[in-house]
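Source: prediction; values computed, not measured.
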Amino acid sequence: QRNKPNQPDRRLAMAFASRFLDVSLAASIPLRSALLLPARAARRRPLLIRAQSAAARSPAPPDTKDFLVRNKRNDVQVLSCPSPAVLEQGLLELSSEPHICVAGESNAGKSSLINHLLVKSNLARASSVAGKTKAVDLMLVNQRLVLADLPGLPSRDHQVEYQWETSWRPLVLEYVRRCGPLRAMLYVHDVRWKVSSLCRDFLADIQEAGVPVILILTKDDRLEARGTETQHTLRVKQARRIKNSLGLTDSVHLHYSVDNSLPASRKARRQLLRYIESLAAADDKDECRELLSAISAKKRGEPQPAAAQD
């Protein structure tokens, strides 16, 4: 009872102190660090500094020190860009690292692929509900590589089609056309699905922008052989059909599953990481295109130019 008259004063003092703390801490955070923090993380900055210092004192294992993506303890910071203005600032802040973007239809396994690659349980939001990714999420991996998680294309049940056409597609194309260090796109497609006209049109825009594409055929372990067809025969037939439909006949493709109990899944991750290492080391998209053309020609058994063999 006696403290009631003082409660408004105490609340006012606490609000003032909280606002002063936020301003003073936010003022001390570099622009790049501020962008890579959630809006509510400014007041937790001292804890973040301690966590990063502890991570710095724990060196990476010797066999993974030089790789862009490690098999464990990947340091990932996420900058979510829901609008062109934030995207522009994000591209300025993350212009010194090579970018690899990941696109695909909703529920094709895009988020699961990213989580599997980076050995994170829920970094990218995997869900059976379409439209979980509503922004261009720039993921700075180990301070050396940016993986860009793009909003998913509408699935065949036309969920989020309006959001895609009015907001997300323009944002994605803005990123693709304005990102100078972008090296290639990983396009994710469920190996069991037919190709929609919307996907064909989207990939035509990507190729017109000069971005090399690696086709990732996901959920490979869920293919069911029919009749006298073996699973391998079905896999080859589906891959050929999808590549022809998407206009990626001569492109590199990779069958992928996130089931770590399967040797093929672990092999696919290693192969994709090797591709990413090579693409990130290239100087520009033209060099990446030449690299992928050489890989594709080698897989088809075609003779390679001397430069590619070197």
Side-chain angles (χ1 to χ4, degrees), residues 98-105 108-110 113-114 116-117 145 147-150 152-153 169 172-173 175-177 179 181-220 223 232-257 264-265 267-305 307-309:
H99 287 228
I100 304 289
C101 65
V102 187
E105 275 185 278
K110 177 170 59 72
L113 170 75
I114 293 173
H116 189 253
L117 273 180
L145 170 74
L147 273 182
D149 183 11
L150 306 181
L153 284 75
R169 183 175 180 273
V172 167
L173 294 180
Y175 167 78
V176 167
R177 290 164 179 164
C179 183
L182 178 60
R183 294 293 179 262
M185 170 180 284
L186 307 180
Y187 184 78
V188 180
H189 189 87
D190 190 321
V191 71
R192 302 166 299 173
W193 291 353
K194 293 182 178 180
V195 174
S196 68
S197 58
L198 190 146
C199 294
R200 280 194 293 270
D201 293 343
F202 173 71
L203 275 178
D205 290 336
I206 298 303
Q207 292 178 301
E208 185 179 343
V211 179
V213 178
I214 296 179
L215 176 62
I216 309 296
L217 296 172
T218 55
K219 307 184 182 180
D220 193 60
L223 271 177
H232 173 71
T233 304
L234 181 59
R235 183 184 296 116
V236 171
K237 185 172 76 172
Q238 289 289 96
R240 186 184 299 115
R241 178 183 59 78
I242 292 169
K243 291 179 73 173
N244 289 338
S245 297
L246 290 172
L248 300 174
T249 308
D250 297 329
S251 297
V252 173
H253 77 278
L254 186 65
H255 291 272
Y256 204 98
S257 163
S265 175
K267 181 180 178 181
R269 180 179 181 271
R270 291 194 299 269
Q271 182 63 69
L272 184 53
L273 289 177
R274 283 195 289 268
Y275 287 158
I276 290 174
E277 291 275 347
S278 300
L279 294 169
D283 290 332
D284 52 31
K285 288 190 282 288
D286 291 336
E287 187 175 338
C288 290
R289 191 177 300 104
E290 293 175 4
L291 172 67
L292 293 177
S293 295
I295 293 173
S296 180
K298 183 178 180 180
K299 286 190 171 186
R300 295 194 303 269
E302 297 176 2
Q304 301 176 64
Q309 293 175 354

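Atom OG of Ser265 is separated from atom CZ of Arg270 by 9.5 Å, given to the nearest 0.5 angstrom. Expressed to the nearest 0.5 Å, how far OG of Ser196 lies from CD of Glu105 amounts to 4.5 Å. To the nearest 0.5 Å, the span separating OH on Tyr187 from CD1 on Ile206 amounts to 9.5 Å. Between atom SG of residue Cys288 and atom CD1 of residue Ile214 there is a gap of 8.5 Å, rounded to the nearest 0.5 Å. In this structure, NZ in Lys237 is found 9.0 Å from OG1 in Thr233, a value given to the nearest 0.5 Å. Considering CG of Leu291 and OG of Ser296, their distance stands at 11.0 Å, rounded to 0.5 Å.
In this structure, the side chains of Val252 and Leu254 stay at 4.5 Å or more apart for every pair of heavy atoms. Side-chain contact check for Val102 versus Leu117: every heavy-atom pair is 4.5 Å or farther apart. A heavy-atom distance below 4.5 Å is not found between the side chains of Leu186 and Tyr275. Leu279 has its side chain within reach of Leu292: a pair of non-hydrogen atoms, C-beta onward, lies under 4.5 Å apart. Contact check for Arg183 versus Glu287: no side-chain heavy atoms found under the 4.5 Å cut-off. The shortest side-chain heavy-atom distance between Leu246 and Val213 does not fall under the 4.5 Å cut-off.
Pairing each heavy atom of Pro98 with each of Leu145, the nearest pair is O-CD1, 3.5 Å. Contact between Val191 and Gln238 at its shortest, heavy atoms only, is O-NE2, 2.8 Å. Contact record, Arg289 with Val211: NH2-N, 4.2 Å, taken as the closest heavy-atom pair. Taking every heavy atom of both residues into account, Val195 and Arg241 meet most closely at N-NH1, 4.3 Å. Heavy atoms only, all atoms of each residue included: Ala209 and Arg177 are closest at CB-CG, 4.4 Å.
Applying the salt bridge (charged side-chain N to carboxylate O under 4.0 Å, His left out) test to every pair with at least one member in residues 197-220, sequence neighbours left out, gives these pairs: Arg169-Asp205, Asp190-Lys219, Asp220-Arg235. Residue pairs meeting the salt bridge (charged side-chain N to carboxylate O under 4.0 Å, His left out) criterion with at least one member in residues 242-256, sequence neighbours excluded: Asp250-Arg300.
Ring planes of His253 and His255: perpendicular class, angle over 60° (limits at 30 and 60°). Ring-plane geometry between His99 and Tyr175 is classed as tilted, the angle between the planes lying from 30 to 60 degrees on a 0 to 90 degree scale.
Remark: Ser251 pairs with Leu248 by the side-chain contact (heavy atoms from CB on, under 4.5 Å) rule, at least two apart or across chains.
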